[in-house]
Amino acid sequence: MPLLPFLFLAALSIIFAAGVILQRHPVHSLLSLVLTLVVIGILFIGLDATTVGFLQMIVYAGAIKVLFLFVIWLLNLQSQPIEGGHLALKFVGALGSAALIAELLVFVLHLPPPVGHSKPLALDYGSIGKLAQGLFTDYLVAFEVTSILLLVGVVGAVALARRTTAGSAPGGAP
Amino acid sequence: MVPPSYFMGLSAVLFCIGVLGVLLRRNIIIIFMSIELMLNAVNLAFVALSRAWGNVDGQAIVFFVMTVAAAEAAVGLGIILMIFRNRETVNADEINLMRW
């Protein structure tokens, strides 16, 4: 990936990510987040991880965020001023984040060059076949456990969000 | 050719924006979105390092992170929905039943 497109996409993703935490209306935050995810997906494709990049856009930015959108609509959240909260917590939070970012930047900018960096990439690097080969051989157990996790997640979500049937008032005692 | 450390730097910046969101915002949905942002920052680091080493292990991990995020979103949003039904609020400061 050439330097100039990278810088452009990096600036774009940072701006959108800042939008996520600065917008007042939750829907605007969500749209900002979707744009961040799309830009990260483009970065993935720029890194030759084509399959994962498209998965990121379709599954993450598409499906998961629509779920968020539905919940925001369901709760009928309106635009609100940025909440007060404890000033001390904000101060400590900002300070801690600044320290974390400084530490991480110092760390990652002094990384030794990776061993295989100069090696030419395989022709099918990042293709769906190569990824599936890894998933169904080295990571087979993890892959199967993931399917169980999704099943449990679906059952848990339905059990949580289910409205209690007649008898108890909505929002009343369990 | 962009060195992988640039991608790691971008990943660190995005992660810290996510941390800031969790610490500064009180709206529980926006806190949740910030967590997703942190997950994606880590995904970016995984993909960049996978590219640098020339194997697809990092991409397989990203695949798993996506699945876990999907399950987490489903269950987490269910919990938020339940809290809103019972307490009529999405402000994390007002949800203090389990706070000492």
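By convention in this document, chain letters (A, B, ...) are assigned in the order of the sequence lines, proteins followed by strands, and residues within each chain are numbered from 1. As a basis for the values below, the full set of heavy atoms in this structure was taken, side chains included, without hydrogen atoms, waters or symmetry mates. The model shown is predicted, which means the values in this text are computed figures rather than measured ones.
Most heavy-atom pairs under 4.5 Å with chain A, from the set Val19(B), Val56(B), Val47(B): that is Val47(B). Comparing Leu100(A), Ile64(A), Leu75(A) by how many heavy-atom pairs each has under 4.5 Å with chain B, the most go to Leu75(A). Considering only heavy-atom pairs separated by less than 4.5 Å from chain A, the leading option among Glu88(B), Arg87(B), Met8(B) is Met8(B). The candidate from Ile61(B), Val62(B), Leu14(B), Val68(B) with the greatest count of non-hydrogen atom pairs under 4.5 Å with chain A is Leu14(B). Ranking Leu20(B), Asn55(B), Ile80(B) against chain A, the residue ahead of the rest is Leu20(B), based on heavy-atom pairs under 4.5 Å. Here Ala142(A) is the residue among Gly156(A), Ala94(A), Ala142(A) with the most heavy-atom pairs under 4.5 Å with chain B. In terms of non-hydrogen atom pairs under 4.5 Å with chain B, the most contact-rich of Asp48(A), Val158(A), Leu151(A) is Asp48(A). Between chain B and the residues Leu149(A), Val20(A), Val152(A), the largest count of heavy-atom pairs under 4.5 Å involves Leu149(A). Annotation: maximal heavy-atom pairing with chain B below 4.5 Å, among Gly126(A), Ala98(A), Gly134(A), Ala63(A), occurs at Gly126(A). Ranking Leu150(A), Val71(A), Leu47(A) against chain B, the residue ahead of the rest is Leu47(A), based on heavy-atom pairs under 4.5 Å.
Both the backbone and the side chain of Ser50(B) come within contact range of chain A, judged by heavy atoms closer than 4.5 Å. With a threshold of 4.5 angstrom between heavy atoms, Ile83(B) does not approach chain A through any atom at all. Residue contact with chain A, scored on non-hydrogen atoms closer than 4.5 Å, is absent for Glu72(B). Using a 4.5 Å cut-off between heavy atoms, Leu74(A) touches chain B through its side chain atoms alone. In this structure, the portion of Leu10(B) lying under 4.5 Å from any heavy atom of chain A is its side chain and not its backbone. Both the backbone and the side chain of Ser13(A) come within less than 4.5 Å of a heavy atom in chain B. Only the side chain of Leu33(A) comes within contact range of chain B, with heavy atoms under 4.5 Å apart. For Val22(B), no part sits under 4.5 Å from any heavy atom of chain A, backbone or side chain. Looking at Phe6(A), the atoms closer than 4.5 Å to chain B (heavy atoms on both sides) all sit in the side chain, from C-beta outward. Heavy atoms closer than 4.5 Å to chain A are found in the side chain of Phe15(B), but not in its backbone. There is no contact between Phe70(A) and chain B, counting heavy-atom distances below 4.5 Å. For Leu55(A), the parts sitting under 4.5 Å from any heavy atom of chain B are the backbone and the side chain alike. Residue contact with chain A, scored on non-hydrogen atoms closer than 4.5 Å, involves the backbone and the side chain of Asp57(B) alike. When heavy atoms are compared at a cutoff of 4.5 Å, Leu135(A) approaches chain B solely by way of its side chain, counted from C-beta outward.
Grouping the Ile, Leu, Val, Met, Phe, Trp and Tyr side chains by contacts below 4.5 angstrom, directly or via other members, places Ile58(A) apart from Leu30(A). Clustering ILVMFWY residues whenever any of their side-chain heavy atoms sit less than 4.5 angstrom apart, transitively, puts Val155(A) in a cluster other than the one holding Ile79(B). Under the 4.5 Å side-chain heavy-atom criterion for grouping Ile, Leu, Val, Met, Phe, Trp and Tyr, Phe64(B) is not connected to Val154(A) through any hydrophobic cluster.
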Q. Would Gln59(B) and Phe44(A) count as a side-chain contact (heavy atoms from CB on, under 4.5 Å) if you check the C-alpha gap in whole Å, the side-chain angles of each, and the deciding distance to 0.1 Å?
A. CA-CA 10 Å; Gln59(B) 296 180 22; Phe44(A) 284 1; over 6 Å; no

Q: Could you check Ser29(A) against Ile21(A) for side-chain contact (heavy atoms from CB on, under 4.5 Å), going step by step and ending with a plain yes or no?
A: CA-CA 7 Å; Ser29(A) 274; Ile21(A) 66 170; over 6 Å; no

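Taking CE from Met82(B) and CZ from Arg85(B), the interatomic distance works out to 5.5 Å, rounded to the nearest 0.5 Å. Within the model, atoms OG1 of Thr50(A) and OH of Tyr125(A) stand 9.5 Å from one another, a figure rounded to the nearest 0.5 Å. Atom CG in Leu31(A) sits 7.0 Å away from atom CG in Leu69(A) (nearest 0.5 Å). One finds the CD atom of Glu103(A) at 9.5 Å from the SG atom of Cys16(B) (value rounded to the nearest 0.5 Å).
Checked by atom type, the side-chain pair Asn40(B)/Gln56(A) shows a donor-acceptor distance below 3.5 Å.
Judged by distance alone, the side chain of Tyr60(A) and the main-chain N or O of Val34(A) form no donor-acceptor pair under 3.5 Å. Between the side chain of Ser11(B) and the main chain of Phe7(B), no donor-acceptor pair closer than 3.5 Å is present.
Here Tyr139(A) and Phe63(B) keep their ring centres 6.0 angstrom or further from each other.
No more than 12 heavy atoms of other residues, nucleotides or ligands shown are found within 6.0 angstrom of CD1 on Ile128(A).
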